[in-house]
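Here's the structure we're looking at; comments come further down.
Chain letters run A, B, ... following the sequence lines, proteins first, then strands; residues in each count from 1. Not measured: the values here are computed from a predicted model.
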Number of protein chains: 2
Amino acid sequence: MLSRASILDAALELADERGLGATSMRAVAERVGVTPMALYPYVGSKAALLDGLVDRMLAEFLPDIGAHEGRPWRDRLRLIGYGVRELARRHPTTFTLLFDRPAVTPDAVRVVDAIYRALLDAGVPDKDVPRLERLFTTFCLGFALSDVNGRFAVGGVNPRARRAAAAPGAVPAHEQLAPVLDSELDLDAEYEADLENLIDLVASVADR
Amino acid sequence: MLSRASILDAALELADERGLGATSMRAVAERVGVTPMALYPYVGSKAALLDGLVDRMLAEFLPDIGAHEGRPWRDRLRLIGYGVRELARRHPTTFTLLFDRPAVTPDAVRVVDAIYRALLDAGVPDKDVPRLERLFTTFCLGFALSDVNGRFAVGGVNPRARRAAAAPGAVPAHEQLAPVLDSELDLDAEYEADLENLIDLVASVADR
DNA sequence: ACCTGAACACCGTTCAAGT
DNA sequence: ACCTGAACACCGTTCAAGT
């Protein structure tokens, strides 16, 4: 039976399988076995369909957050950070939509509230809580997006080629760091270290 | 005279004026006074044209970086942070492309090298330098992208509406923070505070 | 009430043709 | 060597028509 939910399901599946670029109204319609124009009463427009995908991703994220209620605030922030990264891996091309629109839907506000609570439990002054929420989520979303988009070039262009791309002497730090840059990149470990640093940052704002 | 540079100039102008969505091969061609297919020998494809826009933005960013050579490392990181935000404001719709591809062009490597140098001067151990470079730029790019995309909803949906969107009692932290959330959002001041926190984070990794 | 089908104004890109 | 023009296989969306 045709419904808004079934259309969004089909669209998200299609995006996960063939990419957001292949997720046209026509392709979604074909997947649900209907003519493109039949979608419009249910989703309004292509842009509104994409908003719907953001909602669906947030709804998927929410149970994750409920699960770590009652744990120490540091654990909660860490787990939220990991959750964002997993969400990006499940929906590598739709994930970018989270950067497009403000968190105004009920589910989005609930996610933000969970982070507010962790920051308040950490002892962050009220006035700094919304700022640190934005700092934390901006980093998590940015890292996950960079990762799925290949900005960190994992397994891609090697560091030697990168140094060679610049004029000799133009990138002295790359030369000094050559041994480190040539070693393999472990993004999971890196993200973990980043989250620890950010959690310490939160603690330092709390203890001020 | 038709050339790769003049085509990229036209494309970037068009994107700044009418948005990246309106920047079609056909529209760029019209602006340079030629048929769409005449662009292909110079830019290769639409995707390659977008890569060219990334290059152009980085080239624009580079003099900025050269200008603060010799200043203390904290100033250099701060100025790079501000520069990223200004770049986003100048190119609000093309900016998102910086999240799409790894920093492998000569100009991109030079930007990364300037940040490596600041981190090395701060006393960050070699092994942590590339990680903190990615942490810093990921936050700066993410904040600027959120800003130009309206993710922070400046002047948009008001906080009272946001709280009302959730079931009563579902967002206790929003209720506790109501006075703070109702006060006006100053993103410039917020970004400044964020950068100070991140610079302190760098110092803390250096002093460990 | 719900869906279809033709049509419109767009895309990026191929390919043969012009000068 | 450089550019044009027609054509192909796509888009999102409007609007009138069908059941």
**Asked** Are R151(A) and D100(B) within salt-bridge range, i.e. N to O under 4.0 Å?
**Response** no
**Message:** My understanding is that only residues two or more places apart in sequence, or in another chain, count here; which of them pass side-chain hydrogen bond (donor to acceptor under 3.5 Å, both in side chains) with R89(B)?
**Reply:** D188(B)
**Message:** Could you tell me the boundaries of the chain B footprint on DNA chain C, defined by atoms under 4.0 Å from its heavy atoms?
**Reply:** dC11(C) to dC15(C)
**Item:** Sequence-distant partners of R26(A), side-chain hydrogen bond (donor to acceptor under 3.5 Å, both in side chains), two or more places apart
**Value:** none
**Message:** Given E190(A), which partner from the list R134(B), R131(B), K127(B) fulfils the salt bridge (Lys or Arg N to Asp or Glu O under 4.0 Å) test?
**Reply:** R134(B)
**Asked** Does the pair D200(B)/R74(B) count as a salt bridge with the N-to-O cut at 4.0 Å?
**Response** yes
**Request:** Report the residues that fulfil salt bridge (Lys or Arg N to Asp or Glu O under 4.0 Å) with E69(B), sequence neighbours left out, ordered by chain and then residue number.
**Result:** R117(B)
**Item:** Residues in side-chain hydrogen bond (donor to acceptor under 3.5 Å, both in side chains) contact with D186(A), at least two apart in sequence or another chain
**Value:** none
**Request:** Kindly write out the residues that satisfy salt bridge (Lys or Arg N to Asp or Glu O under 4.0 Å) with R78(B), not counting sequence neighbours, or none if the list is empty.
**Result:** D75(B), E196(B)
**Asked** What would the secondary structure line of DNA chain D be in dot-bracket form, counting Watson-Crick and G-U wobble pairs under 3.5 Å, with [ ] for pairs that cross earlier ones and | for pairs with another strand?
**Response** ||.|||||...|||||.||
**Prompt:** Looking at residues at least two apart in the chain, or sitting in another chain, which of them share a side-chain hydrogen bond (donor to acceptor under 3.5 Å, both in side chains) with E13(A)?
**Reply:** R31(A)
**Item:** DNA chain C contacts among residues 18-26 of chain B, heavy-atom distance under 4.0 Å
**Value:** S24(B), M25(B), R26(B)
**Asked** How do A27(B) and V34(A) order along DNA chain C: which one's closest nucleotide is nearer the 5' end?
**Response** V34(A)
**Prompt:** Taking only residues two or more places apart in sequence, or in another chain, which ones meet R56(B) in a salt bridge (Lys or Arg N to Asp or Glu O under 4.0 Å)?
**Reply:** D9(B)
**Prompt:** In residues 36-46 of chain A, which ones come under 4.0 Å of DNA chain C, going by heavy atoms?
**Reply:** M37(A), A38(A), Y42(A)
**Prompt:** Is D107(A) salt-bridged to R110(A), going by a charged N under 4.0 Å from an acidic O?
**Reply:** yes
**Request:** Not counting sequence neighbours, which residues clear salt bridge (Lys or Arg N to Asp or Glu O under 4.0 Å) with R18(B)? List them please.
**Result:** none
